[in-house]
Structures are given as C-alpha cells and as structure tokens.
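Reviewing the structure listed below.
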2 protein chains.
Amino acid sequence: MRQTKRDELVRKALDIFYRNGFHATGMDMLVAETGISKTSMYKHFRTKEELILAALRLRDENFRNWLFRRMDELGNTPREKLIAIFDALEEWFALREFRGCMFIKASAEYQDREHPIHSQSAEHKRLLLEHFKSICAQAGAAAPGDLARQILILKEGAIVMAVLGQGCDAARDAKLAAQTLLASALPGN
Amino acid sequence: MRQTKRDELVRKALDIFYRNGFHATGMDMLVAETGISKTSMYKHFRTKEELILAALRLRDENFRNWLFRRMDELGNTPREKLIAIFDALEEWFALREFRGCMFIKASAEYQDREHPIHSQSAEHKRLLLEHFKSICAQAGAAAPGDLARQILILKEGAIVMAVLGQGCDAARDAKLAAQTLLASALPGN
DNA sequence: CCGTAAATGTACCGATCTGTACTTTTTCGT
DNA sequence: ACGAAAAAGTACAGATCGGTACATTTACGG
C-alpha cells in the first residue's frame, strides 16, 4: 500500500504525456499539473526518461487488460473475440480523450530502435501479437501467426486512421476487413 | 530557378526532421547540419512551424509521386496496382534510412486536430485515399470507398509494424491480407 | 507525542530553446 | 567592374529545458 504518491505521479504523468507528448511536456509542467513537487519526482525517478518508462509500463498494463477483457466480454467464441477487437476499438475511438496509440507516439519521438522507450513500445506490440496468435490458434487457423499479424496490422492501421482520417469510422472499416480475413482463414461457415 | 537556396534548406530540413523528430530538432542543429545560416532560414520562413510545414509539403509530394509511380510500374491492371502498394512498401521498409511515416510522426508530436501540422498530415492521408479509391473503382469494386479505406488501413498498419515489429515482414503480411480482401471484393477470379 | 521518513518550497545551475539585431561577406546580373 | 540583393557571422534576448541543493514542513508508525 506504500507508494501511493509514486503511483499517483505515474498515473497523472501518463495522462499528461498522452495528451501533450513527451518532448513537449517539461518537468515544470508536470509539477504544475500534478501538484507533486519536483523534489519528490526526482526522488522516485532519477530522470525524465525513467518516469516516461514507468508511465509506459502502466499504459501497457492498462491497455492490454482493457482490450483483452473487452474481447472476452464481447465475444463468446475465439472467432468472435477476434472480431470484438474492433468493437472495442470503436468504443475507444469514441471517447473524448482518445488521442491515438501512446506507443506509436512514443516510438515516433524516440526513433532509435536501441532506445529503451522505443524497445518498450515494441514490446507492447509483441505482447498484443502473442495474445492474438493464441486466440487465432484456438479459432483453428492453419497459420495462426500469419493471421494474428494481419489482424494486428488492421488494428494499428485503424488507430492511425482514427487519428488522421476525417470523420470516417476506421473501426468499422477494419472490422469489415477482419471479417473477410477470418472468413477466408478459418474453417467452418 | 531562383530559390535554389530555399529549396536546399527545405530538402535538408526534411531529412533532419525525419531522422530526428520535430521537437528534438532545434534551429541551431539545423544551422549546423545544413550549413545554412540562421539569418537566411528566418528570411525564408518566419517560424520553425512554417519550415516544418514546407518540409511536410515536400514530403507529401515526394512520397505520393514515388508510391503512385511505383504502383503503375509494378502493376498492369488496377487490381495489380493495388497489390503493388505493398511491394512498394517492402522496398521502402528495406531502405537503411527508413524511419516510418513522417505524417504519423508529425501528428504524434502535434496532436491538436486544429494544428496546421496535424491537419496537413491528415490531408496527405486524404490524398492517398482519394487515389486508392479511384483505382478501386477502376478495378470494378462495388464499394470503392470501403475497399480503399480498408487498403489504406492495411498500409498504415504495415508501416506501424515495420517500425515496431521485430524482424517480421510487415509488407508481406499486409500484402496477403490485401489479396484476400481483393479476392472477396472484386469480380472475376 | 516523538522521531523519522516523505513531501514540499524556493532558488538556482548550465544548457538549450525560438527568434532578433546588426554588421560583414558573397553572389550575380548588367 | 559596379551595385543591389542574398547570405553569412556574431552576438544576444528572454524563456524554458532537465536536474540539483538545501532548508522547511507534513505525515505517520511506535
């Protein structure tokens, strides 16, 4: 139960980085918006980068928990769970606070593949892919890895178009594409 | 023929912004890397933002010219041209200097939809979509708009996974998905 | 209620940020 | 070769950057 303050910092910093970007958010702004003193911040995290990494870890946990739970709630069969990815995305895109994928943005600001922030973002995508792959296997796909990667591509593309598209419903488009892919890759009707 | 210097500045600035990011690239770095004096820069562009917008305009022109030309060169029929998108992507991803989509990165750093840099990035995607849609129509798609948006989603997703995926060939995965979609949406075999 | 750990407030460091002022040098058409 | 325009050089303003020092205040378990 200790570390409430540290958790509060990470939670609030995550919000601010998500809304404002990483380079564009200074430590002084974090002090102003979180109400937590700079001294405390640097007691918990030695550098801004460490704070960003902690925020990304929390984001990874939150996002995967949310998506996987929503897939389970919205779909009964493995096949339905895969389609439910895009229903969940639609809910997300509709939120007022939706601002795109935090990890795409992180990798855009920290481009070097060796950079911890970049590789942690890549790890998030790897974890998503792993889960998708196991569900594709449950659904009876002949090549679960291939199918999972195609679905992940649809998911990432939908997020990009939700940010940069104008008005059109990217989740719905991606869902239609996913249904076509599943109909072609999965046995049964 | 005048403005060679201005064009040189935009061209070099584009490279640096692409490699280094927008906020992470200061005007002093641009001076050092381009060899062009700060005085000249601010004579041609009143602010850094104007220079970024000029660089993005050049990027949009270069990228669309390259992709549409490559689609024409690699595909004979409209259907083949659509598939060729992903062969072109594969070439791009293999380049040593590949660093993802400049417009995804721009929208990640300038998130406000009202911001000129963001809306110019969205315009780039709109122009891609328009072209894809006209080729989908030529290919005989019943709903060319729907199909074009699905293909654009695959293209954007492939770029994201080329940046954040590990080793796997995102262009090939997206191409397989596109072939499935076209087989389902287009008349003929 | 006391002692200790945690958090705060304030002031600061050197570096870097975008942008400007002003002078000198280079370029280039005529 | 001359004159105007363009480019460069230098120095700087004012704000903000990430990060630190240090003294003070708050919170809390025994």
Side-chain angles (χ1 to χ4, degrees), chain A residues 1-58 105-106 108-112 114-118 120, chain B residues 1-56 105-106 108-112 114-118 120:
Chain A
M1 190 71 2
R2 213 34 299 116
Q3 278 186 340
T4 352
K5 210 71 183 179
R6 181 195 170 108
D7 292 345
E8 181 193 349
L9 168 58
V10 175
R11 203 172 350 107
K12 289 183 174 176
L14 170 54
D15 268 0
I16 298 167
F17 283 133
Y18 183 60
R19 285 201 314 258
N20 213 240
F22 299 96
H23 286 99
T25 301
M27 298 303 280
D28 290 329
M29 179 189 293
L30 288 175
V31 171
E33 302 257 332
T34 64
I36 293 170
S37 70
K38 199 188 280 198
T39 316
S40 292
M41 290 186 181
Y42 278 98
K43 196 146 289 176
H44 289 301
F45 302 98
R46 278 162 36 199
T47 63
K48 182 185 180 184
E49 183 183 313
E50 280 190 17
L51 175 57
I52 292 175
L53 286 169
L56 288 179
R57 270 189 294 273
L58 177 60
K105 296 195 286 193
E109 292 205 45
Y110 301 89
Q111 305 195 53
D112 187 350
E114 311 297 316
H115 196 292
I117 292 177
H118 189 105
Q120 189 168 309
Chain B
M1 189 66 7
R2 209 44 291 119
Q3 279 186 339
T4 355
K5 209 71 183 183
R6 181 195 169 109
D7 293 345
E8 181 193 349
L9 167 58
V10 174
R11 203 174 347 107
K12 288 181 173 175
L14 169 55
D15 268 0
I16 298 167
F17 283 133
Y18 183 60
R19 286 200 316 258
N20 213 239
F22 299 96
H23 286 101
T25 301
M27 297 302 280
D28 289 330
M29 179 189 291
L30 288 176
V31 171
E33 302 258 332
T34 64
I36 293 170
S37 70
K38 199 187 281 197
T39 317
S40 293
M41 290 186 181
Y42 279 98
K43 194 145 290 176
H44 288 301
F45 302 98
R46 279 162 37 200
T47 64
K48 182 185 180 184
E49 183 183 312
E50 281 190 16
L51 175 57
I52 292 175
L53 286 170
L56 288 178
K105 297 195 288 194
E109 292 206 45
Y110 301 88
Q111 305 196 52
D112 187 350
E114 310 298 316
H115 196 294
I117 293 177
H118 188 105
Q120 190 167 307

How many whole angstroms separate atom CE of A:Met41 from atom P of D:dG19? 12 Å
Mind calculating the distance between OH (B:Tyr42) and P (C:dG19) to the nearest angstrom? 4 Å
Rounded interatomic separation in angstrom, taking NE2 from B:His44 and C1' from D:dA6: 8 Å
Exam field: side chain B:Gln111 to backbone A:Arg19, donor-acceptor pair closer than 3.5 Å: yes
Measuring from atom CG of A:Leu53 to atom NZ of A:Lys48, what distance do you get when rounded to the nearest 0.5 angstrom? 12.0 Å
Using the side-chain contact (heavy atoms from CB on, under 4.5 Å) criterion, which residues pair with A:Asp28? Sequence neighbours excluded. A:Lys38
Which whole-number value in Å describes the distance from A:Leu9 CG to C:dA6 C1'? 14 Å
Treating A:Glu33 as the side-chain partner and A:Ile16 as the backbone partner, does any N or O pair qualify as donor plus acceptor under 3.5 Å? no
Kindly state which residues belonging to residues 19-39 of chain B come within less than 4.0 angstrom of DNA chain D, counting heavy atoms of the residue only, listed by number. B:Gly35, B:Ile36, B:Ser37, B:Thr39
Is a donor on one side and an acceptor on the other found under 3.5 Å between the side chain of A:Glu109 and the backbone of A:Gly21? no
Going by heavy atoms closer than 4.0 Å, what residues in residues 45-54 of chain A are next to DNA chain D? A:Thr47, A:Lys48
Start with the C-alpha distance between A:Phe17 and A:Leu56, add both sets of side-chain angles, then the distance that settles side chain to side chain contact (heavy atoms under 4.5 Å, CB included), and finish with yes or no. CA-CA 10 Å; A:Phe17 283 133; A:Leu56 288 179; over 6 Å; no
Between B:Pro116 and B:Glu49, is there a side-chain heavy-atom distance shorter than 4.5 Å? yes
Looking at A:Phe22, I'd like to know if the NZ or CZ of A:Lys105 sits under 6.0 Å from its six-membered ring centre while staying within 45 degrees of the ring's axis. no
